[in-house]
There are 2 protein chains.
Amino acid sequence: MSVTIKDVARRAGVSPSTVSRVISKHPRISKETAERVTRVMEELGYHPNSMAKGLVSKATYILGVILPRPAEELFQNYFFHEVLRGILAQANRSGYDLLIASGSSESDELETVKRLVRGRRVDGIILLSSKTKDPLIHFLNEVGFPFVIIGRSPDFPDAPTVDNDNVQAAYDATRHLINQGHERIGFVSGPQELTVSQDRLTGYRQAMLEAGLSISEDWIVEGEFLQETGYRAMSMLMNLPERPTALVVIDDIVAFGVLHGLNELGYSVPQDMCLVGFNNISLSEHTSPPLTSVDIGTYQIGYMTAQTLIKTISKEPLHQTRKIIPHRLIVRGSSVK
Amino acid sequence: MSVTIKDVARRAGVSPSTVSRVISKHPRISKETAERVTRVMEELGYHPNSMAKGLVSKATYILGVILPRPAEELFQNYFFHEVLRGILAQANRSGYDLLIASGSSESDELETVKRLVRGRRVDGIILLSSKTKDPLIHFLNEVGFPFVIIGRSPDFPDAPTVDNDNVQAAYDATRHLINQGHERIGFVSGPQELTVSQDRLTGYRQAMLEAGLSISEDWIVEGEFLQETGYRAMSMLMNLPERPTALVVIDDIVAFGVLHGLNELGYSVPQDMCLVGFNNISLSEHTSPPLTSVDIGTYQIGYMTAQTLIKTISKEPLHQTRKIIPHRLIVRGSSVK
DNA sequence: TCCCTCCGTGCAATCGTTACCACACAAATG
DNA sequence: CATTTGTGTGGTAACGATTGCACGGAGGGA
């Protein structure tokens with residue numbers, strides 16, 4: 001049916017082994033033969049059968065990406081998309097394809113990963129979210145399969161990860177608000193079990209403590225990565241007797257919800273409330289007022305993750321198992337009067 | 001190394017053929033054997049090697065998704081993401097995985113597709129964008145490889161596609177504005193070569209014509225799927241001597257740019273300008289004012305596309321090669337005074 | 001009782017590559 | 001000139017599954 005290595009061999013007047021050697025650039029092949037074979041391959045439109053190749057070489061040149069489950073409602077659209085672009089770019093550069101998968105429940109997800117690993121469908125796995133007590137990490141760690149986590153996992157300190165210094169990032173964001181003269185600063189968080197929520201909350205507390213400012217626990221609202229969370233948080237916070245004058249918000253999307261709610265109630269940003277978000281998604285530049293946000297180098301996270309995974313697969317030593325991508329506070333209208 | 005069908009066979013006291021038959025639910029296998037083998041498979045944590053399987057069966061159970069090139073700057077983040085979720089859901093339900101790929105240039109992209117097809121890396125391909133004179137469609141059509149286009153391709157009317165009735169959708173959006181009493185209505189478009197731009201423009205013109213309203217060509221601005229386009233279009237349109245009082249905007253993202261620009265210049269929506277967008281992304285509910293938008297059933301598009309492709313792969317006849325997903329106008333504050 | 005049919009299972013070829021081993025021949029060494 | 005070293009290539013056995021063919025035994029009909 002389709003053109004195989006044998007067809008090329010016959011047409012070029014050599015053996016299949018020789019063709020295989022030409023493809024893998026074996027040193028002991030004569031220049032003339034190599035050229036002739038290459039020409040024939042192009043003539044016939046030959047491409048090696050990936051499965052035959054994979055069967056013998058035990059490599060698929062596919063990286064698996066496990067998406068967070070939509071069911072958990074913590075699907076960070078915009079963040080995820082940028083990360084994926086970064087992963088894809090680096091994977092392609094290194095000759096890898098990307099297989100994306102998800103599960104509809106935790107056990108389903110684990111089953112999927114087992115299938116991918118045991119069925120040799122991918123050479124390595126990228127986990128896009130990291131929570132504490134993650135059974136996926138546990139499994140991958142146990143069977144010794146190459147994987148990289150985006151974020152960090154306190155339960156498996158040796159697992160390779162790519163992450164921001166989220167504590168420092170939140171510290172910087174909070175510090176920025178303190179520098180503007182704010183004393184009552186609130187924090188709108190994501191789901192507790194995610195390390196990113198925990199870390200940013202820590203950074204916020206640190207900055208407040210260091211500045212000698214006290215935190216009312218009413219100022220800390222937990223939710224999900226959705227505008228609804230921001231909207232709801234806003235109405236709770238604005239009804240407090242002693243309400244904050246500024247907010248650090250876990251994600252720009254959530255901050256949009258806050259902004260919208262404030263607008264609706266006739267409050268003005270930054271006069272009545274200052275806002276700082278995270279992720280610096282492209283829309284943040286185009287709200288009214290534009291949103292101050294911590295740029296966490298989302299694309300670069302993806303890029304670096306793929307690179308780390310590929311190194312792990314080819315058994316190159318990693319000089320550091322925990323890579324930190326630098327962040328940068330982008331100050332815009334939502335936080336300066 | 002890893003557990004194979006032979007290990008299972010040995011442990012269960014049967015031949016590898018029998019194990020294979022148990023897996024594929026061959027009818028002529030005794031119930032007892034089937035149960036015993038199944039138990040052993042679970043005990044050993046056996047998963048069939050996907051490449052050995054694929055080599056002989058000539059099926060990979062992988063669908064390829066070709067992303068639009070970022071270089072073209074027509075990467076519709078939010079649209080794409082929802083579609084992908086739909087594709088993924090349906091693919092998983094049918095036992096398929098998803099491989100995503102893109103190219104950095106047109107020829108690179110074609111090369112990637114050739115590699116996927118000829119190298120038997122995927123069983124079928126989904127094209128996420130459809131433009132006129134698309135070399136990918138030409139190639140896939142020529143070699144007779146299963147594929148489905150999201151959108152439509154005027155050059156290949158027989159190719160299976162999943163699409164909206166974009167002419168009608170834009171007609172409805174425009175009609176809605178006309179019903180509100182507007183007479184000078186503008187249109188902010190995406191790249192000309194995309195069929196979606198062409199179709200929506202057609203629908204807009206149709207509605208205007210039918211209502212006996214004349215269109216000034218100054219009211220039609222072409223750009224890309226970016227906020228910048230909206231921002232720029234807005235400033236051009238507001239400087240016209242006879243400026244429109246309402247706009248149909250090709251995508252919500254672009255409409256955000258318009259909205260932001262208007263806010264910045266102190267114009268108010270909907271008093272000074274009414275807006276209708278497309279795609280009804282989740283943020284549209286949370287702008288100030290909330291954005292009226294045509295919901296095109298993005299998730300369902302993905303879902304249906306995967307379903308159609310899988311049918312094509314298994315050579316089931318399609319009762320219709322061109323599937324239309326219904327749209328729905330969601331009226332919000334940006335278009336009613 | 002004999003033959004035919006059907007059921008459950010094993011044997012062996014096959015899918016398209018890779019990689020080890022062998023071999024012919026040329027060049028270099030003593 | 002004999003021997004070693006090296007170069008370019010072919011033959012063949014894997015890799016881990018599927019599948020057509022064959023075969024022994026049980027059951028049913030004549």
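Chain naming here is simple, since letters A, B, ... match the order of the sequence lines and numbering starts at 1 in each. Nothing here was measured: the structure is a model prediction, and the numbers come from that model.
Between A/Thr308 and A/Thr305, the side chains place no donor N or O within less than 3.5 Å of an acceptor N or O (distance only, hydrogens not considered).
Within 4.0 Å (heavy atoms only), B/Val19 reaches no atom of the nucleic acid at all. As judged by a 4.0 angstrom heavy-atom cut-off over every strand, A/Ser24 is placed among residues making no nucleic acid contact. Among the atoms of the strands shown, only primed sugar atoms or phosphate atoms (P, OP1, OP2) are found under 4.0 Å from some heavy atom of A/Thr4.
In this structure a side-chain-to-backbone donor-acceptor pair under 3.5 Å is missing from B/Arg21 to B/His26. Judged by distance alone, with hydrogens and angles left aside, the side-chain atoms of B/Asp7 form a donor-acceptor pair with the main-chain N or O of B/Thr4 at under 3.5 Å.
The B/Arg21 side chain lies nearest to D/dC21 when the options are D/dC21, C/dG8, D/dT9. Checked against C/dG10, C/dT18, D/dT7, the side chain of A/Lys53 finds its nearest nucleotide in C/dT18. Closest to the side chain of B/Ile29, out of D/dC15, C/dT9, D/dT9, is C/dT9. Each of C/dG16, D/dT9, C/dT9 was ranked by its minimum atom distance to the side chain of B/Ser30; first place goes to C/dT9. For B/Leu55, whose side chain is taken as the heavy atoms from C-beta onward, the closest listed nucleotide among D/dG10, D/dG16, C/dT17 is D/dG16. Closest to the A/Val56 side chain, of the nucleotides D/dT9, C/dG8, C/dG16, is C/dG16.
To the nearest angstrom, P of C/dT14 lies 19 Å from CD1 of B/Ile5. Rounding to whole angstrom units, CG of residue B/Asp7 and P of D/dG16 are separated by 9 Å. To the nearest angstrom, P of D/dA17 lies 6 Å from CG of B/Asn49. The NE2 atom of B/His26 sits 16 Å away from the C1' atom of D/dA17 (whole-angstrom rounding). Rounded to a whole Å, the CD1 atom of A/Ile23 is 14 Å from the C1' atom of C/dA19. In this structure, A/Arg121 atom CZ and D/dA17 atom C1' are separated by 14 Å, rounded to whole Å. For A/Arg28 and C/dC20, the CZ to C1' distance is 12 Å, given to the nearest whole Å. Residue B/Met51 contributes atom CE, which lies 16 Å from atom C1' of D/dT18 at whole-angstrom precision.
A close approach under 4.0 Å does not occur between any side-chain nitrogen or oxygen of A/Ser17 and OP1 or OP2 of D/dT9. Look at A/Lys6 and you won't find any side-chain N or O under 4.0 angstrom from OP1 or OP2 of C/dT17. Note on B/Tyr46: every side-chain N or O is 4.0 Å or more away from OP1 and OP2 of D/dG16. Not one side-chain nitrogen or oxygen of B/Ser57 sits closer than 4.0 Å to the OP1 or OP2 atom of D/dA17. Between A/Ser20 and the phosphate of C/dT18, there is a side-chain N or O to OP1/OP2 separation shorter than 4.0 Å. Proximity of B/Ser15 to the phosphate of C/dT9: no side-chain N or O atom is located under 4.0 Å from OP1 or OP2.
Note: A/His81 and B/Phe80 have perpendicular aromatic rings, judged against thresholds of 30 and 60 degrees for the angle between ring planes.
Under a 4.0 Å N-O distance rule, the pair A/Arg39/A/Glu42 does not qualify as a salt bridge.
In this structure the side chain of A/Pro191 reaches within 4.5 angstrom of the side chain of A/Phe225, judged on heavy atoms.
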